[in-house]
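Data first, discussion second: the structure below is written as structure tokens.
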Amino acid sequence: AKEPEATEAPVDEAPVDEAPVDEATEAPVEEVEGYQIAMITDAGEIDDKSFNQGTWEGIQAFAKDNGKTFKYYKPTEVSDAAYLAAIDLAIQGGAEVVVTPGFLFEPAIYEAQDLYPETSFIILDGTPHTADYSTFRIESNVYSIFYAEQQAGFLAGYAAVKDGYTKLGFMGGMAVPAVVRFGYGFVQGAEYAAVEMGLDSVEIKYHYTGDFSATPKNQTTAATWYADGTEVIFACGGKVGNSVMAAADAAGAKVIGVDVDQSAESETVITSAMKQLGVSVYMGLEGFYAGEFKGGVSETLDITVDGVGLPFASSRFNTFSEADYNAIYDALVADTDGLRSSLLGDTDVDAATDIPTTVVTVTIVE
Amino acid sequence: MNRLKKWVNSPRFSDVVASVGAIIVGLIFGLVILLITNAQQAFPAFFTILKGGFSGGAKGIGEVLYMATPLILTGLSVGFAFKTGLFNIGASGQLIVGGFVAILVGVKGEALGSYQWIVAFLGAMAAGAVWAAVPGILKAVFNVHEVISSIMMNYIGMYLVNMLVVEMVYDKLKNQSLIIKETAELPTWGLDKITQGSGLNAGFLIAILFVIITYIILNKTVFGYELIACGHNPEASKYAGIKAKRNIVLAMVIAGALAGAAGALMYLASTGKHIRVVDVLANEGFMGIPIALLGLSNPIGVFFAAIFIAYITIGGFYMQLFDFVPEIIDIMIASIIYFSAFALIAKNLIAYILKRQKKKEKDKPIEEVKEAKK
Amino acid sequence: MDYVIEMLGITKSFPGILANDNISLQLRRGEIHALLGENGAGKSTLMSILFGLYKPDKGIIKKNGKEIQISNPNDANDYGIGMVHQHFKLVHNFTVLENIIMGVETTRRGFLKLDEARKKVVDLSHKYNLFIDPDALISDITVGMQQRVEIIKMLYRDNEILIFDEPTAMLTPQEIKELMNIMRDLAKEGKSILFITHKLDEIKQVADRCTVLQKGKYIDTLDVADTSKEKFSELMVGRKIEFTVIKDKAKTGNVVLSVKNLTVKSKHSEKPVVKNVSFNVKAGEVVCLAGIDGNGQSELVYAITGLEKVTAGAIELNGKDITKSSIRRKSNSGMSHIPEDRHKHGLILEYSLAKNLVLQSYYKKEFQTYGFLRFKEITKYANKLIEQFDIRSGQGAKTLTRSMSGGNQQKAIVAREIDKDPELLVAVQPTRGLDVGAIEYIHKQLVKQRDKNKAIFLVSLELEEVMNVSDRILVIYEGEIVADLDPKSVTMEDLGLYMSGAKREEKAV
Amino acid sequence: MDILAFLIQQTMFFSIPLLVVALGGMFSERSGVVNIALEGIMIMGAFVSMMAISVLQDTMQGQGLLLIALSVAALAGMAFSLLHAYASINMKADQVISGTALNMFAPAFAIFVARTVQETHTKDINFTNTFRIESVPVLGKIPVIGPWLFQNAYITTYIGIAILIISAILLYKTKFGLRLRACGEHPQAADSVGVNVYKIRYAGVLISGALAGIGGLIFVIPTSTNFSATVSGYGFLALAVLIFGQWKPKRILFAAFFFGFMKTISAAYSGIPALKDLDISSGIYKMIPYIITLFVLAISSKNSQSPKAAGIPYDVGKR
Ligand SMILES: Nc1ncnc2c1ncn2[C@@H]1O[C@H](COP(=O)(O)OP(=O)(O)OP(=O)(O)O)[C@@H](O)[C@H]1O
Ligand SMILES: Nc1ncnc2c1ncn2[C@@H]1O[C@H](COP(=O)(O)OP(=O)(O)OP(=O)(O)O)[C@@H](O)[C@H]1O
Ligand SMILES: [Mg+2]
Ligand SMILES: [Mg+2]
């Protein structure tokens, strides 16, 4: 890839606030043409409590710290062509680097990398390939980032069981790879803790809601589980979490959040299985502007680079201590007994019930 | 000259003027919002919207027409039903089942060779027709209000399609339908080249064809005469020997086929659009309602309304180069629709003005057109 | 002179037509003042202005000599003006009582106080001999009863000026008689009445004075006692009218319509409303079905024409069984039908007059090729009928039917059905709401059809029409045919007895 | 907790908003104005009242705040429905167009304003749910009925029932109700006896605005922890309930509960022993409420009658 200009105008204006909308106007406009950092939203919007939001927060933070102008663009529809058009518009708008959250962008980036060799792309949770998956190719102007969600899920499952919960639930939005990895990790973490504690049984209800939104239906599903004895539900699907939290609140039960730290949203959230979307976008942009863009690389950020984890400080555990957390964290990092490397990912088994367990029983709710 | 004069005095003229008036008022309302949120950039942004697809040159125009294609068809679907006294709020469900069948054939029907897209397209129309036939039959035979049964069919269609996609044509990694085979893609007939790589394809021409066909059916044929008669007065139609029940079903079937065709044209375009397995109703179907209304349910009107909505939507897309929330364009479209609801009053106003002029000419006493109470 | 109401120089125009052109009308206290004019002459418009439904373009209204403004029916009510509209303004799924009290409800702490109202209504109904059931739904009662409800509604408001817009068009002779009595009583009490009717007999019977309108213009106001029927009709139409239909003796041919043991069930209940009815109509005769409204006439006609299902029995047309044939099939085998309810069945009000004139024939070769309508032919044909039947409207063939006056809407239907030259014409109340000129014309047409050796089955509530036009009279009572009479040998009184069920022929066919 | 009590409690969350909004629609349609804008009005009501909650919740909580929010929702709904009333009554506009426009306008507006005025610049409005009543004093202790109706409840449930009763009385026992129904059936008749059709129709639409606004708020509170410019199509479902309920309060109640119960079952089957073990995929369960509704409609609609004049602009000159 072409080296981005290393010199950029120093920022000395008043600190830019975090407005997603107005921010760019308040950035020092006279120095740059258009918006240097662009984000294209996928099917969701920038406040989807998930991908788009995490990405957007990373961009904002970086731009604020480095005096960059930035903007997000909304495609006219969800299609490869529309994504490409949005990328084109972003580049017209002065984008030096375009960040695209999510696997839906894979075919679009595959084409964009050749169409716009002067522009750099950061794609999260995806890597460029043709729509029919026949060709995977990543050019030097594309940096692709994956996350080891199974590790985050593992930590969440482990912490929950260690904290004394034995009836767990997993409510994923849809069975896309990232969500599946979270879920599988969750099961394995619970199993690991259960074995460690010598428990007789741990139950996990396992379900995909089919959407990423807060609906009465999702609330009722969660409430039903809670009424049935489930103590904590890992709500793994953007705003599905809000429905689960509402149900938990009514039932006096608990929730585990996902992607970002959701502790502020409800007292019922005991912890969140985080992937550091914002941090990785920040680092990617930092690399880009420092002339160290990881073009041509597709990497998976895992626990060893702080790519995933639980927000311990804001967690609400009963007995699970920071020491416990650090211990399991370190074990994962160190890959003690192959703990990290043997974790099953989305392609390793067909269903959560196929994960070999001795204590945990997974019940798939269709 | 004479013809022009005649046209100016015809009701159709005031229809057009009324719709255009609504559009202007809606746009002005949008401008006001732009001015409130960011006065500095309001005017350049507004002009970008006005420039619509032209901001993107030939490609932009292509994008407008591409985007308008399914809108034309869903607009026709709703408008056609309106003309026959039915409110087809079920275009969303019909569109998605149509889209699904198109994709199914598009993915699995390789054996069909170069006929694949045609079969996919016809299959989609059939599926949409079947989906709409249910509310049609329920209305004709059981007197079930078509609005409620169409709403039910929307949800059933959505859930069913989501299930079937997962079972039959599922891209697990992206939680959406698989890509269709190249032979299933709509031919572009060079339209994409002319428009410098836009998504435009034969679908647009097919949409135009349907505009013409529905126009002829409604206005020139015996069948249209019967359909509209049933729409206005089912009892009198029965008296005239028209099979009202059969017509209700047929009208719905045609409306459904049009919506199904919209689904096919959406998912058979080579733009990489997929059915996403999410429990959300397809919004493209609902867009048919405002378009039908803006176009006064007249096929030609629907055509222009769809182009217009696509035009300013694309304009809104380009407007993102300025500092505005993209939702502004939704607000503007909504206000245009709202003001188009005032079309009737505008029409009367126009008629009144025209009368006044004639009155001056002939100096004959003719008074106000409508009695307004108090 | 003491005038309660004066309308002076009233002018009102609608698109394409001057409905009222400088009309003046003065109503004396305690008089019955008739308003006479052809269809579309502007009577309803004038009354609607008095009642506050339309605003006049020019002109003033005075009450007791003082100028008043009436801009809505509420104002009219306040000035003591009440109106019985030609098309009843009754809410169908309300009870009689609810309809009567609406607008002047009495309440207690916000809740309706129905008991008091009911008492007042019952008292009124006794006082004026207007029988009604306060708790019946409007949709369940006969037209006659609805008429009574409208009248009580007006009386309930203690109005002193009463407008009746063609109140007798839908009533049976007995009911008309009652109504005339009621009007006289009301006038005696000092109420002033404006009375629109096309029936000169009625004017002669009750009215004191009569104002004649012609094509929106005021012609004259006359004392009824001094003016003959002929004079009135001449003033109104501008020519002489023949009141009796001149016709030869019928030369009957083959049986065209044969109804055998027909039974029809009602939509509302399981009880049959037409019971085991049998009769024939032959070519070259006018057979009239007489009866009081609500005795099964509608259902009988619906069954014959196919609008309703036959429960039992058979119907033959020219010897062919058509019991189960579709409406279209019946129409094509030579049946025409002038329906009872012109707005419900007869017309598509949103269609142009031309399109309505081909409602029964648009699919025929003349008007379509390969499924495409031939608009030129349709317009040409429409213009022919408009001319022939004198259908008046603002914009000719392309007039929106909704905007036409009721009488002219009726003419359009009659024109369409007669011009089909049917073997059998089923005509229900074909002259309802028409002026004498139009009635004369239509009666002539019916006779002409008969003389062309066609069969005519006429259903009418108007005894005069029944006696005048028919060659044979069938009387229907409670779903059964109770008499088969010869109009020449039966008196009006006798006919009335048969219709009310007081008399019955031993072996009615 | 016993499963039946649980199901009933959950059913309330679905049914009460449907009930309230459908009753709103009833007032509008029985006055003669078709109100397809219920969805949009719900969003508007929920949006404004949620804004109010998010502003006020630092200073007050609990039922007091909820009551204030409900009033705000009602006012917002009324204000928004004025647009519909003006278009369809004064301007004699096509009521479906105007309704559709409002449905498009409301979410766009809510997102736009939320992003513009909220400090967080997100479209989501978060709230803390301090409104739930664990157990109503005394009543909650009644055996059987207690857990069904008076535990884990919201006052909105009782308000919803109260609205139903008041609506039924208003519609059938008062002068206003009589006139309202007349305007929806035969406005010319109403006009001819001096009823101001315009005023009555305004009242009908405004009541529907108030109730739909309230319905929007009631819908969001028990089922989420934030509001993000959507009511998930419940406005349209309410329309379906209204038609299903034949524009009559009692039948609307039945329809709302029928629909709510079906939705509950389809979401809660995994906790119902009898249903859990049937190997039926969730897609089928999701479809079931809609399919059953179709069947019920097919059986019950033979004599369906909508208000005759609904959807037709009132024009004095027209018969
Ligand atoms: N609101 C209106 N718009 C247009 N034209 C109208 C309107 N009202 C009345 N007219 C026209 O005015 C004329 C007079 O109508 P009006 O109803 O007063 O006649 P009428 O004397 O009552 O006739 P009929 O005996 O048929 O009842 C008719 O030609 C009618 O078409
Ligand atoms: N919207 C309208 N446009 C045009 N003409 C109308 C309209 N509404 C009513 N008219 C005409 O206005 C006149 C007055 O209407 P009204 O309700 O008093 O009926 P009418 O004339 O007494 O009854 P009938 O139709 O039986 O003659 C009628 O001639 C009718 O055709
Ligand atoms: Mg009249
Ligand atoms: Mg008349």
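Each chain gets a letter, A, B and so on, in the order the sequences are listed, and its residues count up from 1.
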Requested in this report: Please check if atom NZ in C:Lys420 has more than 12 non-hydrogen atoms from other residues, nucleotides or ligands closer than 6.0 Å.
Outcome: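 Yes - once you tally the heavy atoms of other residues, nucleotides and ligands closer than 6.0 Å, there are more than 12.
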Query raised in the report: If you draw a 6.0 Å radius around NZ in C:Lys364, do more than 12 non-hydrogen atoms from other residues or ligands fall strictly inside?
Result: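 More than 12 heavy atoms, drawn from other residues, nucleotides or ligands, come within 6.0 Å of this atom.
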Query - Heavy-atom pair count under 4.5 Å with chain B, highest-scoring of C:Gln360, C:Arg374, C:Arg329 - result: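 Greatest number of close heavy-atom pairs with chain B: C:Gln360.
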Report task. For each of C:Pro339, C:Gly346, C:Ser361, tally heavy-atom pairs with chain B at distances under 4.5 Å, and name the one with the top tally. Result ->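 Of C:Pro339, C:Gly346, C:Ser361, C:Pro339 has the most heavy-atom pairs under 4.5 Å with chain B.
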Query raised in the report: In terms of the angle between their ring planes, are C:Tyr351 and B:His232 parallel, tilted or perpendicular, with boundaries placed at 30° and 60°?
Result: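 Perpendicular.
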Query raised in the report: Is B:Val222 close to C:Tyr362 at the side-chain level, that is, under 4.5 Å between some pair of heavy atoms?
Result: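 Counting from C-beta outward, C:Tyr362 and B:Val222 do come under 4.5 Å.
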Query raised in the report: Less than 4.5 Å apart, any side-chain heavy atom of C:Ile348 and any of B:Ser237?
Result: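 Heavy-atom side-chain distance check passes, below 4.5 Å.
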Is [X] reaching over with its side chain to a backbone N or O of [Y], donor-acceptor style, under 3.5 angstrom?
X: B:Tyr225; Y: C:Lys355; value: yes
X: B:Asn233; Y: C:Leu347; value: yes
X: B:Lys238; Y: C:Leu307; value: yes

Query - Where B:Tyr239 and C:Glu417 come nearest, the two heavy atoms and their spacing - result: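 Closest approach of B:Tyr239 to C:Glu417: OH-OE2, 2.9 Å.
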Report task. Counting only heavy atoms closer than 4.5 Å, note whether C:Phe367 contacts chain B via side chain, backbone, both or neither. Result ->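 Looking at C:Phe367, nothing touches chain B.
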Query - Proximity breakdown for B:Ile216 and chain C, heavy-atom pairs closer than 4.5 Å - result: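 Contact with chain C is through the side chain of B:Ile216 alone.
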**Report entry** Check: C:Tyr363/B:Glu226 side-chain N/O donor and acceptor closer than 3.5 Å
**Finding:**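 The answer is no; no qualifying pair exists.
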